[in-house]
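Working notes for the structure below.
Quick note: numbers below take in every heavy atom, side chains included, and nothing from hydrogens, waters or symmetry partners. To find a chain, count down the sequence lines: A is the first, B the second, and so on, and within it residues start at 1.
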Amino acid sequence: MNSADKKRVLREMLFARRFEERCYEAYVERKIGGFLHLYPGQEACVHGVMEAARPGHDYVITGYRDHIHAIKCGCDPKAVMAELFGKETGCSKGRGGSMHLFDVAHRFMGGYALVGGPFPLAVGMAKAIKMKGGDEIAICFLGDAANNQGTFHESLNMAALWKLPVLFVCENNLYGIGTRIDRSTAVVDQYKRVCGYGIPAAQEDGQDVEKVYAAARVAVEHVRGGNGPYFLELLTYRYRGHSMSDSNAYRPKEEERMWSRRDPIIILRDRLIEAGELTMDEYKRMDDEILHEIEHEIIPFAEQSPEPPVEELERYVLAENDPWVRGGAR
Amino acid sequence: MAVMMMWEAIRRAHDEEMARDPLVIAMGEDIGVAGGTYKATQGLYDKYGPERVIDTPISENSFTGVGIGASFLGVRPIIEIMSVNFAWLALDQIVNTAAKVRYMSGGQLQAPVVIRSPGGTAHQLGAQHSARMEKVFMGIAGLRVVTPSNPRQAYGLLKSAVRCDDPVFINEHELMYNLKGEVPDEEYFHPLEGSEVAREGRDVTLFGYNISVHWCLQAAETLAREDGIQAEVVDLYALSPLDREGIRRSVAKTHRAVVVEEAEAPVGVGAEVMAVLNEECFFELDAPPVRVSAAMVPIPYNRRLEKAAIPNPQRVVEAVRRLLGR
Ligand SMILES: Cc1ncc(C[n+]2csc(CCOP(=O)(O)OP(=O)(O)O)c2C)c(N)n1
Ligand SMILES: [Mg+2]
């Protein structure tokens, strides 16, 4: 990443932080319903990986903590916020909600709520890529606790067996809801669990976006080069509760303090300032612009957009006017 | 019209669709080198190769998910789940992904997969190999469920299912792969919705699907011969969506209904058809409709007990006689 890239990524990560903080407020204001899983603390993961990949070209799939993954793939933040507000202009037309963002035009293939569900879907997309002969790769972002699902092992096996172009990114934030990883998982280092499938794997600091980027470049090159799957574990931390109903009472305060000193945005910001590539004033201006955009463009768009018409409740259940339902065109 | 067995008809549909479209693939346990437990994919591995006729590991939920993920990008997988009993393991991907993805993406993404699987009670396979799961699948929004009763339907339903943009579950039967029947020589696409009148009659309608269509037809023969009762047999080859109009039309003619299902009665095909009768043609009924269903037991191994657990033509005959007061 050159200096301009780093500044752009800093801005994107700061935007991600402010966007999620505003979601929190909107939830408290009851503008957003359901479950809401926020991303603060983990921004370097998706940004570092996708800088090394090709957003909008590579196929990305993830779990329910998906707002920033969608945006980084190219989904309009206005459409994301509108989705959270349940509006027709939302990226899933208000039918999906926070956990089910989709932007297929940008190859963001969705957020899924069943822990471990996306693993085989990513492998299947990689199978399709290989059949069609494209240079895309499939990227699956999931959490640490997802690796305790059978789909993790079954999918790694098939990805390796068929040498498919899929990158598994494990955002290890040390918790699955309130259960710390060492209480749920026999082997805490997640990259070690992959060696049984003959898949190359690495572990990296998930708070430093430049390190993530460097590790992801190796991973992406491997996968795009036709060498089969790769597993990248990123050590990270979420600054908020698992979802909105979570007080984080199960986490030691000292642990939280330690990780808050490793804020991915502050790490990059201070490094750029130290290198003379950014001033604190520039950073503050950046922040003001972001807050302005969220407050004066994104939120009003979401608020003023129409709700989906009730007459269309049953739309999108099945394909519309599919001739094969009647046995072909007659 | 050529006469062929059910497995040959299914194999032919695979072959034609794979020859037509390089994005049609087949996947499942032992379907490739071994040719398939019921020969439904025999010879296709040699013809289309391991990239398109895929022997999967024994990972039902995940290989089903792989098929679904591939279908997101336009691949048309025909997934064989070796026995429907194993489809319980794949429910997460079938129900939570395939059936819901079009809806929860606001129409952006679809999962045009075909999932074929044989169920039913065969010859003493025991409790864990005798499941009848059609009732589970037919209650899922976003999933089509069809179930062939003869080779023509098996061929034509699979052909249409491959081309349809919705996920389709095809409920086959362990005992029916060697069943013979006529299949058109030219290409044939069976509708994925509707029902067929398998035998015309005026006194009572027997509703069947898959194997129970044959029980109904045998019962209708006996009733005609011994009682002079003309039973109409309606073949519900589409279980979801169900042909409400076809159900109504027949009962508007016969005014009496018996539903014959191989599965246990609660929350089943019979329960659903009876609800449709209530909603569509209650005042056409001359007598309360009747279900002939399996006993509410895990299927036993013992041959006599196994036979006692599931319906047969004689029980259908008896149910009709009771219904008509004979
Ligand atoms: C199959 C399934 N089981 C349980 C849940 C409830 N659940 C939601 S998130 C979660 C923890 C997942 O943790 P992890 O994979 O580490 O991701 P993180 O939330 O930390 O990003 C659990 C148990 C679920 N959604 N799906
Ligand atoms: Mg976690």
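- Contact check for B:Val101 versus A:Phe102: side-chain heavy atoms found under the 4.5 Å cut-off.
- Both the backbone and the side chain of A:Met109 come within contact range of chain B, judged by heavy atoms closer than 4.5 Å.
- The two residues B:Leu73 and A:Ala128 come nearest to each other via the heavy atoms CB-CB, 3.6 Å.
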Test side chain to side chain contact (heavy atoms under 4.5 Å, CB included) on B:Ile54 and A:Trp162 and set out the steps. CA-CA 10 Å; B:Ile54 305 162; A:Trp162 299 325; 3.3 Å; yes
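- With a 6.0 Å radius and a threshold of 12 heavy atoms from other residues, nucleotides or ligands, A:Glu314 has its CD atom at or below the threshold.
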Would B:Ser105 and A:His100 count as a side chain to side chain contact (heavy atoms under 4.5 Å, CB included) here? Give the steps. CA-CA 7 Å; B:Ser105 69; A:His100 306 303; over 6 Å; no
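- Both the backbone and the side chain of A:Met125 come within contact range of chain B, each with at least one heavy atom under 4.5 Å from a heavy atom of that chain.
- In this structure, the side chain of A:Lys132 does not engage the main chain of B:Leu23 through any donor-acceptor pair within 3.5 Å.
- Among B:Glu51, B:Arg102, B:Gln110, the residue with the largest count of heavy-atom pairs under 4.5 Å with chain A is B:Arg102.
- Of the possible donor and acceptor atoms, none in the side chain of B:Glu193 sits under 3.5 Å from a partner among the backbone N and O of A:Val325.
- Contact of A:Leu164 with chain B is not made at all, since no heavy-atom distance falls under 4.5 Å.
- When the shell of 6.0 Å around CD of B:Gln128 is examined, it contains 12 or fewer heavy atoms from other residues, nucleotides or ligands.
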Evaluate the criterion side chain to side chain contact (heavy atoms under 4.5 Å, CB included) for residue pair B:Val75 and A:Lys127; output intermediate values, then yes/no. CA-CA 9 Å; B:Val75 172; A:Lys127 168 70 187 169; over 6 Å; no
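- For a residue to count as touching a neighbouring chain, one of its non-hydrogen atoms must lie under 4.5 Å from one of that chain's; by this rule A:Phe119 does not touch chain B.
- Heavy atoms of A:Leu156 lying under 4.5 Å from chain B are absent altogether.
- Neither the backbone nor the side chain of A:Arg107 comes within contact range of chain B; no heavy atom of the residue lies under 4.5 Å from a heavy atom of that chain.
- Side-chain contact between A:Glu154 and B:Pro57 is absent, with no heavy atoms from C-beta onward closer than 4.5 Å.
- For B:Pro22, the part lying under 4.5 angstrom from a heavy atom of chain A is the backbone only.
- In terms of heavy-atom pairs under 4.5 angstrom with chain A, the leader among B:Gly107, B:Ser160, B:Cys164 is B:Cys164.
- B:Gln108 places no side-chain N or O within donor-acceptor distance of the main-chain N or O of A:Ala105, the cut-off being under 3.5 Å.
- In this structure, A:Tyr197 places its OH atom where more than 12 heavy-atom neighbours from other residues, nucleotides or ligands lie under 6.0 Å away.
- Only the side chain of A:Leu114 comes within less than 4.5 Å of a heavy atom in chain B; its backbone stays farther off.
- Counting heavy-atom pairs under 4.5 Å between each of A:Ile61, A:Asn157, A:Thr151 and chain B puts A:Thr151 at the top.
- Both the backbone and the side chain of B:Thr56 have a heavy atom closer than 4.5 Å to some heavy atom of chain A.
- To the nearest 0.5 angstrom, A:Leu121 atom CG is 5.0 Å from B:Thr97 atom OG1.
- Side-chain atoms of B:Gln93 come within 3.5 Å of backbone N or O of A:Gly117 as a donor-acceptor pair.
- To the nearest 0.5 angstrom, B:Leu143 atom CG is 9.0 Å from A:Leu318 atom CG.
- Of the inter-residue distances, the one linking A:Asp322 atom CG with B:Leu192 atom CG reads 8.0 Å to the nearest 0.5 angstrom.
- Between A:Tyr316 and B:Tyr103, the ring-plane angle classifies as perpendicular under the 30° and 60° cut-offs.
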Determine whether B:Ser59 and A:Met158 satisfy the following criterion, side chain to side chain contact (heavy atoms under 4.5 Å, CB included), listing intermediate values before the conclusion. CA-CA 9 Å; B:Ser59 309; A:Met158 285 184 274; 4.3 Å; yes
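- Within the model, atoms CG of B:Asp165 and CG of A:Asn321 stand 11.5 Å from one another, a figure rounded to the nearest 0.5 Å.
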